[in-house]
Amino acid sequence: MRRGVPLVISAPSGTGKTTVCRELVRRDPRIVFSISHTTRPPRAGEVDGRDYHFLSRDAFAEMVAAGAFLEHAEYSGNLYGTSRDALLRELDAGHDVLLEIETEGAGQVRRSGVGAYLLFLLPPSLEALAARLRGRGTDGDAEVARRLQIAEVEFRAAGDFDALVVNHNVEDTVTAVLEIVAALRDGRADAVRAERSLERVRASLSSPLDDWVQR
Ligand code: 5GP
């Protein structure tokens with residue numbers, strides 16, 4: 001049986017990556033979502049074991065000490081990590097596994113040697129990003145401001161990713177990512193890298209986003 005491919009999707013908070021990831025899993029039964037561990041308190045509507053495994057900082061630290069995480073990182077004061085065993089089990093079962101994680105963790109996954117393909121999702125503009133963060137109403141003003149600051153740092157990592165996709169709307173983005181997944185399954189990863197490179201995508205971004213997205 002073919003082994004699965006880990007597919008990392010990173011994007012600044014507010015880009016719409018959770019919606020895109022949900023839709024990918026719904027449309028392609030061979031893709032499974034990697035459920036992360038986090039010390040962040042659940043938001044309204046989030047379910048333990050479905051959206052995240054929610055745990056205390058002590059329990060998280062124990063997992064770090066036991067080497068249970070393939071990658072882990074701090075984001076806006078909370079800890080997030082991907083269980084190594086859970087990921088490898090899914091890959092061995094032939095599933096392609098979607099890891100929706102921030103950029104620091106994405107770098108760790110790259111260096112771990114699991115052979116992941118790294119996708120970076122971009123908002124069409126900074127205005128769109130800020131509007132979405134404010135509009136979803138899950139975070140207060142201070143948290144929105146903090147997430148926008150982190151976004152600037154994350155944009156600068158975009159050049160380290162294999163492929164970039166601008167999220168103009170969910171439908172087009174999901175179609176584009178499913179095409180990328182199909183190409184990966186066909187062994188055409190290099191072709192996707194060339195088509196979706198930073199140079200190609202950058203031209204379609206408005207300022208100052210294009211300045212932040214650097215090689
Ligand atoms: P949120 O609090 O909005 O759910 O997630 C905050 C950030 O943490 C997002 O960028 C999300 O992709 C990232 N994240 C979620 N799970 C993980 C994980 O397991 N590892 C890392 N490094 N980041 C994660």
Side-chain angles (χ1 to χ4, degrees), residues 6-25 32-57 59-64 66-91 97-112 114 116-123 129-130 132-158 160-161 164-165 167 173 177 212:
L7 186 70
V8 169
I9 296 195
S10 285
S13 184
T15 304
K17 64 181 177 306
T18 304
T19 310
V20 168
C21 288
R22 263 196 210 131
E23 198 53 24
L24 289 169
V25 171
V32 298
F33 186 72
S34 163
I35 302 165
S36 297
H37 289 71
T38 185
T39 63
R40 171 171 72 61
R43 292 186 182 126
E46 282 184 335
V47 176
D48 186 39
R50 183 193 70 185
D51 301 290
Y52 280 106
H53 300 291
F54 296 99
L55 74 179
S56 67
R57 282 189 92 92
F60 194 99
E62 271 173 35
M63 286 185 70
V64 172
F69 290 124
L70 179 78
E71 64 75 33
H72 62 96
E74 182 155 356
Y75 177 96
S76 193
N78 295 303
L79 301 167
Y80 296 81
T82 304
S83 154
R84 183 192 312 273
D85 282 355
L87 174 69
L88 296 181
R89 217 179 307 125
E90 292 292 355
L91 296 175
V97 183
L98 198 55
L99 281 74
E100 186 205 316
I101 63 177
E102 50 69 68
T103 50
E104 166 62 33
Q108 293 176 34
V109 174
R110 162 85 83 208
R111 294 188 291 278
S112 75
V114 287
Y117 200 82
L118 272 58
L119 276 178
F120 196 94
L121 217 58
L122 288 155
L129 185 73
R132 197 137 28 161
L133 272 176
R134 290 196 192 98
R136 69 182 182 187
T138 46
D139 302 300
D141 287 351
E143 181 62 18
V144 167
R146 191 140 62 135
R147 284 178 178 242
L148 283 170
Q149 269 176 359
I150 299 172
E152 181 174 351
V153 176
E154 294 204 298
F155 282 128
R156 296 189 193 283
D160 299 333
F161 283 66
L164 280 77
V165 177
N167 186 22
T173 300
V177 176
W212 285 3

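Indexing begins at 1, ligand by ligand and atom by atom, following the structure's order.
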Answer with yes or no whether Glu104 contacts ligand 1, where contact means a heavy atom under 4.0 Å from a ligand atom.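 No heavy atom of Glu104 comes that close to ligand 1.
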
4.0 Å heavy-atom contact, Arg43 with ligand 1: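 Per 4.0 Å heavy-atom rule, Arg43 contacts ligand 1.
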
Within the 4.0 Å heavy-atom shell around [X], which atoms of ligand 1 are there?
X	value
Ala73	22 (N)
Ser36	16 (N), 17 (C), 18 (C), 19 (O)
Thr82	19 (O)

Gap separating the CZ atom of Phe155 from the CG atom of Leu129, nearest 0.5 angstrom: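 It is 5.5 Å, given to the nearest 0.5 Å.
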
Got a second to check how far Ile35's CD1 is from Tyr52's OH, nearest 0.5 Å?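 That separation rounds to 11.5 Å.
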
Would you indicate whether the side-chain heavy atoms of Ile150 and Tyr75 approach each other to under 4.5 Å?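 Contact flag for Tyr75/Ile150 side chains = yes.
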
Should Leu24 and Ile9 count as side-chain neighbours, where that means a heavy-atom distance under 4.5 Å?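 Touching, per the 4.5 Å side-chain cut-off.
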
My understanding is that we take every heavy atom of each candidate and find the minimum distance to atom 21 (C) of ligand 1. Doing that for Thr138, Ile101, Ile9, which one comes out nearest?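 Residue with the shortest heavy-atom distance to the ligand atom: Ile101.
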
For ligand 1 and [X], I'd like to know whether there is a polar contact (N/O to N/O, distance under 3.5 Å).
X	value
Glu154	no
Ser13	no
Glu46	no
Gly81	yes
Arg40	yes

Sole candidate of Arg132, Arg136, Glu143, Glu102 that passes side chain to side chain donor-acceptor pair (under 3.5 Å) when paired with Ser13: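 Among Arg132, Arg136, Glu143, Glu102, the one meeting side chain to side chain donor-acceptor pair (under 3.5 Å) with Ser13 is Arg136.
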
Examine the side chains of [X] and [Y] and answer whether a donor and an acceptor come within less than 3.5 Å of each other.
X	Y	value
Ser83	Arg89	no
Ser10	Glu154	no
Asn167	Thr173	yes

Under a 4.0 Å heavy-atom limit, does [X] contact ligand 1 with its side chain, its backbone, both, or neither?
X	answer
Lys17	side chain
Glu71	side chain
Arg147	side chain

Protein heavy atom at shortest distance from atom 23 (N) of ligand 1: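 The protein heavy atom lying closest is Glu102 N, 3.2 Å.
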
Return the closest protein heavy atom for atom 5 (O) of ligand 1 as residue, atom name and distance.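 Nearest protein contact, heavy atoms only, for atom 5 (O) of ligand 1 is Tyr52 OH, 3.4 Å.
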
Is there a donor-acceptor pair under 3.5 Å between the side chain of Glu71 and the backbone N or O of Thr82?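 Pair found, side chain donor or acceptor close to backbone of Thr82.
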
Between His37 and His53, how do the two ring planes meet: parallel, tilted or perpendicular, split at 30° and 60°?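 Because their plane-to-plane angle lies in the 30° to 60° range, the rings of His37 and His53 count as tilted.
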
